[in-house]
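What follows is a set of notes on a single structure, which appears directly below.
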Protein chains: 2
Amino acid sequence: MVPRSDLLKGSSNSLLLCLLEQQPMYGYQIVKELAARSQGYFKFKEGTLYPALHRLEKSGLITGKWQMLPNGRRRRYYYITAKGHAKLALERTQWQDFLKALKLILQPGASNP
Amino acid sequence: MVPRSDLLKGSSNSLLLCLLEQQPMYGYQIVKELAARSQGYFKFKEGTLYPALHRLEKSGLITGKWQMLPNGRRRRYYYITAKGHAKLALERTQWQDFLKALKLILQPGASNP
DNA sequence: TATTATGCCTAGAAACTCTAAGTAAATACA
DNA sequence: TGTATTTACTTAGAGTTTCTAGGCATAATA
């Protein structure tokens, strides 16, 4: 298997929103979760993830809250907002439209009027 | 339907190779074909398409040949090369791996060991 | 004759990812 | 106890790809 995370370009936002819709997470956790769940396929680099989270927060799609652990360590948990939910719903349909369009290209004449 | 061609980022190469595998085409035709077949979804801008074709040609995945029409107009037809075929085969499996990984993220616990 | 369609090309801005580094503290291990 | 690893976040800069926006030239059409 050859991981090609560059296929993610443009849809990493959706992926992050999707994850955070399932449960709030902090950056480091997201990196680990994505790798674990995708069986090593997705390896978000920190230089990719954190700026992405910051962009999403600045856009109001997620909000981050610092949390201090008993051991003194700090984490920034991100929560999806109402605006984020709406955006995700939109992006889901956009993804489906995209895949539909792709299919039309890849299978010419399948059901073209 | 909201077209989001930015979802294409990183996979426009595959899309072009796919098209040219079906039949050789020239740039202007590709723009029209993509729009027609995808029912208006894909609207490759010329500023995107031509540099992409040049990149593919420089990489040896396609070759372009000028053709003069009887009316004096010229077209540059692009043909997929053997190297291009191989690359496309690879990218197809990469796409499937990508979609598989995506599914694992979007449907957590579906079949995780 | 003027407009539209055909057909190609490119420069520069914008967006996103990666590399690569830094900062800091807790934990594991020898 | 000292060192390495893990946890956890941040950012600067380079590279890639797309879009905007324009240019050039000829043929068909109104």
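Below, chains carry the letters A, B, ... as their sequence lines are ordered, and counting in each starts from 1. Quick note: numbers below take in every heavy atom, side chains included, and nothing from hydrogens, waters or symmetry partners.
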TODO: Not counting sequence neighbours, list each pair that qualifies as a ring-ring contact (aromatic ring centres under 6.0 Å, His included) and has a residue in residues 46-69 of chain A.
DONE: none

Given [options], the nucleotide with the shortest approach to the side chain of [X]:
X: Lys45(B); options: dC9(C), dG7(C), dT20(D); result: dT20(D)
X: Thr48(B); options: dC8(C), dT18(D), dA8(D); result: dT18(D)
X: Trp66(B); options: dA8(D), dT10(D), dC9(C); result: dC9(C)
X: Ser12(A); options: dC16(C), dT18(D), dT6(C); result: dC16(C)

Take atom [atom1] of [X] and atom [atom2] of [N], then tell me their distance rounded to the nearest Å.
X: Leu49(B); N: dC9(C); atom1: CG; atom2: P; result: 10 Å
X: Gln67(B); N: dT6(C); atom1: CD; atom2: P; result: 18 Å
X: Met68(B); N: dT6(C); atom1: CE; atom2: P; result: 18 Å
X: Asn13(B); N: dT17(D); atom1: CG; atom2: C1'; result: 9 Å
X: Phe44(A); N: dT17(C); atom1: CZ; atom2: P; result: 6 Å
X: Tyr78(B); N: dG7(C); atom1: OH; atom2: C1'; result: 11 Å
X: Tyr26(A); N: dT6(D); atom1: OH; atom2: P; result: 15 Å
X: Arg75(B); N: dC9(C); atom1: CZ; atom2: P; result: 14 Å

TODO: Using heavy atoms to find the nearest nucleotide of DNA chain C for Pro51(B) and Lys32(B) separately, return the residue whose nucleotide is more 5′.
DONE: Lys32(B)

Task: ring pair (Phe, Tyr, Trp, His ring centres under 6.0 Å) involving Tyr26(B) - partner list, sequence neighbours excluded - done: Tyr77(B)

TODO: Answer yes or no: is there a donor N or O on one side and an acceptor on the other, between the side chain of Ser59(A) and the main chain of Arg55(A), under 3.5 Å?
DONE: yes

Open item on the list: Strictly distance-based, threshold 3.5 Å: is any side-chain N or O of Lys65(B) a donor or acceptor partner for the main-chain N or O of Tyr79(B)?
Closed with: no

- [ ] List in chain and number order the residues that pass side chain to side chain donor-acceptor pair (under 3.5 Å) with Arg92(A), two or more places apart in sequence or in another chain; answer none if no residue qualifies.
- [x] Glu21(A)

Task: Parallel, tilted or perpendicular: ring planes of Phe98(B) versus Phe42(A), cut at 30 and 60 degrees - done: perpendicular

Open item on the list: Testing Ile30(B), Leu61(B), Leu88(B) one by one against Leu16(B) for a side chain to side chain contact (heavy atoms under 4.5 Å, CB included), which residue passes?
Closed with: Ile30(B)

Task: side chain to side chain contact (heavy atoms under 4.5 Å, CB included) partners of Lys100(A), counting only residues at least two apart - done: Asp97(A)

TODO: Measure the CG-CG distance between Leu34(B) and Leu104(A) for me, rounded to the nearest 0.5 Å.
DONE: 11.5 Å

Open item on the list: So, taking the atom named CD in Gln22(B) and the one named CD1 in Ile105(A), what distance separates them when rounded to the nearest 0.5 Å?
Closed with: 8.5 Å

Quick one: is [X] getting a side-chain N or O under 4.0 Å of the [N] phosphate, OP1 or OP2?
X: Arg76(B); N: dC8(C); answer: no
X: Tyr50(B); N: dC8(C); answer: yes
X: Tyr28(B); N: dT6(C); answer: yes

TODO: Specify the residues of residues 54-61 of chain B, ordered by number, for which at least one heavy atom lies under 4.0 angstrom from an atom of DNA chain D.
DONE: Arg55(B)

TODO: Heavy atoms under 4.0 Å is the rule here; annotate nucleotides 22-30 of chain D 5' to 3' with B where the base is hit, S where only the sugar-phosphate is, and - elsewhere.
DONE: ----BB---

